[in-house]
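Accompanying notes for the structure given below.
Letters go in sequence order (proteins before strands), and every chain restarts at 1. It should be emphasised that the depicted structure is a prediction, and the values quoted were computed from it without experimental measurement.
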Amino acid sequence: MASLRDIKNRINSTKSTQKITKAMEMVSASKLNKAEQNAKAFVPYMDKIQEVVASIAGGNSGADHPMLQSRPVKKTGYVVITSDRGLAGPYNSNVLRALYQKIQSTHSSQDEYTVIAIGKVGRDFCKKNGLPLAKEVTGLPDQPDFAEIKEIASFAVNLFENEEIDELNLFYNHFISAISQKVTEQKVLPLTDLNTEGQSLTTYEYEPDEEEILKSLLPQYAESIVYGALLDGKASEHASRMTAMRSATDNADELIDDLTLSYNRARQAAITQEITEIVGGAAALE
Amino acid sequence: MKTLNVSVVTPDGPALEGSYEMVSCRAESGELGILPGHIPLVAPLTISAVRLKKEGQTEHLAVSGGFVEVRPDQVTILAQAAEQPSEIDVDRAKQAKQRAEQRLNMAKSEDIDHKRAELALERAINRMDISEIR
């Protein structure tokens, strides 16, 4: 049996770990709040841009753009959104597993795909598993600005425009609620599945013409999708970390209870032993 | 007097919401004035000022590119950034202008960096111009 001092040490170290996990939980909770607000603030913009894109692309105006056409896929681009730090429960491993399985099942050679990794964990995963990286982005702030994301998004869109990739997929954790996030795979480019149903489409005049508008609107639209996913991913990250830290705190509580029990038992055993020894010693003297 | 509902949305949230009598903005094909009852229209905007008129007063808004979507009673401006004069950080704009100028001097004119710096310069100048109007 462990000595009294050993148990005491373990209790103390568990307590200090618990303090940290508790603090992390609270920090994540407040970050989650902000991330949720950001994601919410973005919705009107996304809705509007989607509406305009759908009405232009869905209209039978004959307007066309390379980004609307699917071409034979020779190379696929994947954008995977992970966090910079661990300790977020299954947040990173889920999305990376989904990506890895997808790659394993669809590609036979490394020339057929490339990965754009956002977040340190994703980058390290790709390096370890030998996935080709087109770009890595780390150190994104918790509340990213559109300006910061634009660079990543336009990089991916440019790859498609220059025909270096023929398809762009996005892997991220979709935020459903504080305790539930779902790994989502979304096709960004080509923009083939524009949701035009259920919307009243307005016929617009275009100034100067549809093609000019598509030329500047579509990259913006694709960038917004990536930005939206990133905001979503950030919210999920904080939610996931919050849940993970909460269960760590609860586990620490349990552990401390167990340890305290065995500490008290050991203490009691020691006392009983001492008494027995004293009584035994006294009896021997008689 | 008839008015237009104007909403300006950016990726960081709605920037402005209100009803105005006239909206003027600079589209890529030229200056555009929008009054109530305008035909539905979509046009890309340049980095410029959007002017909103209400009861003889004009409000200004700095936009960094984006789109204007017009319906007879509704104008929506989708911009990557939009600021009212009071919100503009003049010092930051000045610094951005300096940075952009430095980069313009260094980069070759065909470089992507050059184009980016040009756009950054345009945005900075636009912000500084508009911040002086207030």
Side-chain angles (χ1 to χ4, degrees), chain A residues 34 37-57 59 61 63 143-151 153-155 158 162 200-221 223-231, chain B residues 5-17 25-34 37-47 63-83 89 92-93 96 99 112-113 115-117 119-120 123-124 127:
Chain A
K34 276 205 196 120
Q37 276 170 14
N38 285 347
K40 231 175 248 165
F42 179 68
V43 171
Y45 180 82
M46 192 67 214
D47 283 353
K48 207 71 213 175
I49 201 164
Q50 194 159 24
E51 197 184 313
V52 177
V53 169
S55 77
I56 299 177
S61 51
Q143 330 290 337
D145 284 341
F146 188 65
E148 287 162 298
I149 310 308
K150 203 178 168 313
E151 200 197 325
S154 27
F155 175 81
N158 277 337
N162 302 336
S200 56
L201 296 180
T202 324
T203 23
Y204 293 105
E205 285 282 302
Y206 302 103
E207 181 68 39
D209 56 40
E210 282 109 325
E211 263 157 58
E212 280 301 308
I213 291 193
L214 284 179
K215 214 154 92 189
S216 47
L217 181 65
L218 289 182
Q220 252 187 59
Y221 179 56
E223 281 162 15
S224 325
I225 294 179
V226 177
Y227 181 63
L230 205 89
L231 289 181
Chain B
N5 270 326
V6 180
S7 55
V8 180
V9 285
T10 68
D12 299 321
L16 182 130
E17 207 56 69
C25 50
R26 198 181 305 150
E28 269 171 14
S29 49
E31 198 78 25
L32 206 61
I34 300 152
H38 200 287
I39 192 169
L41 170 97
V42 177
L45 295 176
T46 56
I47 298 168
V63 293
S64 307
F67 283 85
V68 59
E69 187 226 6
V70 183
R71 293 175 183 207
D73 57 346
Q74 167 81 36
V75 175
T76 313
I77 293 170
L78 291 164
Q80 304 198 334
E83 285 136 351
D89 188 339
R92 200 179 140 196
R99 261 202 316 272
I112 256 233
D113 280 348
K115 272 191 196 129
R116 215 180 269 164
L119 286 177
R123 282 196 295 269
R127 284 200 172 106

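Closest of all the heavy-atom pairs between B/Leu45 and B/Glu28 is O-OE2, 4.0 Å. In terms of heavy-atom proximity, B/Thr46 sits nearest to B/Ala27 at CG2-O, 4.0 Å.
At a 4.5 Å heavy-atom cutoff, the contact between B/Val70 and chain A is made by backbone atoms alone. Heavy-atom distances place the backbone of B/Ala79, and not its side chain, under 4.5 Å from chain A. For A/Glu223, the part sitting under 4.5 Å from any heavy atom of chain B is the side chain, from C-beta outward, and nothing else. Using a 4.5 Å cut-off between heavy atoms, A/Phe42 contacts chain B through both its backbone and its side chain. Residue B/Thr76 touches chain A through its side chain alone, counting heavy-atom pairs closer than 4.5 Å.
Listed by chain and residue number, B/Gln74 satisfy the side-chain hydrogen bond (donor to acceptor under 3.5 Å, both in side chains) test with B/Ser7 (two or more places apart in sequence, or in another chain). Taking the salt bridge (Lys or Arg N to Asp or Glu O under 4.0 Å) definition, one finds that B/Arg26 meets it with B/Glu31, sequence neighbours left out.
B/Arg92 is not listed as a side-chain neighbour of B/Arg127, based on a closest heavy-atom distance of 4.5 Å or more.
Note on B/Leu41, B/Asp12, B/Ile39: by heavy-atom pairs under 4.5 Å with chain A, the leading option is B/Leu41.
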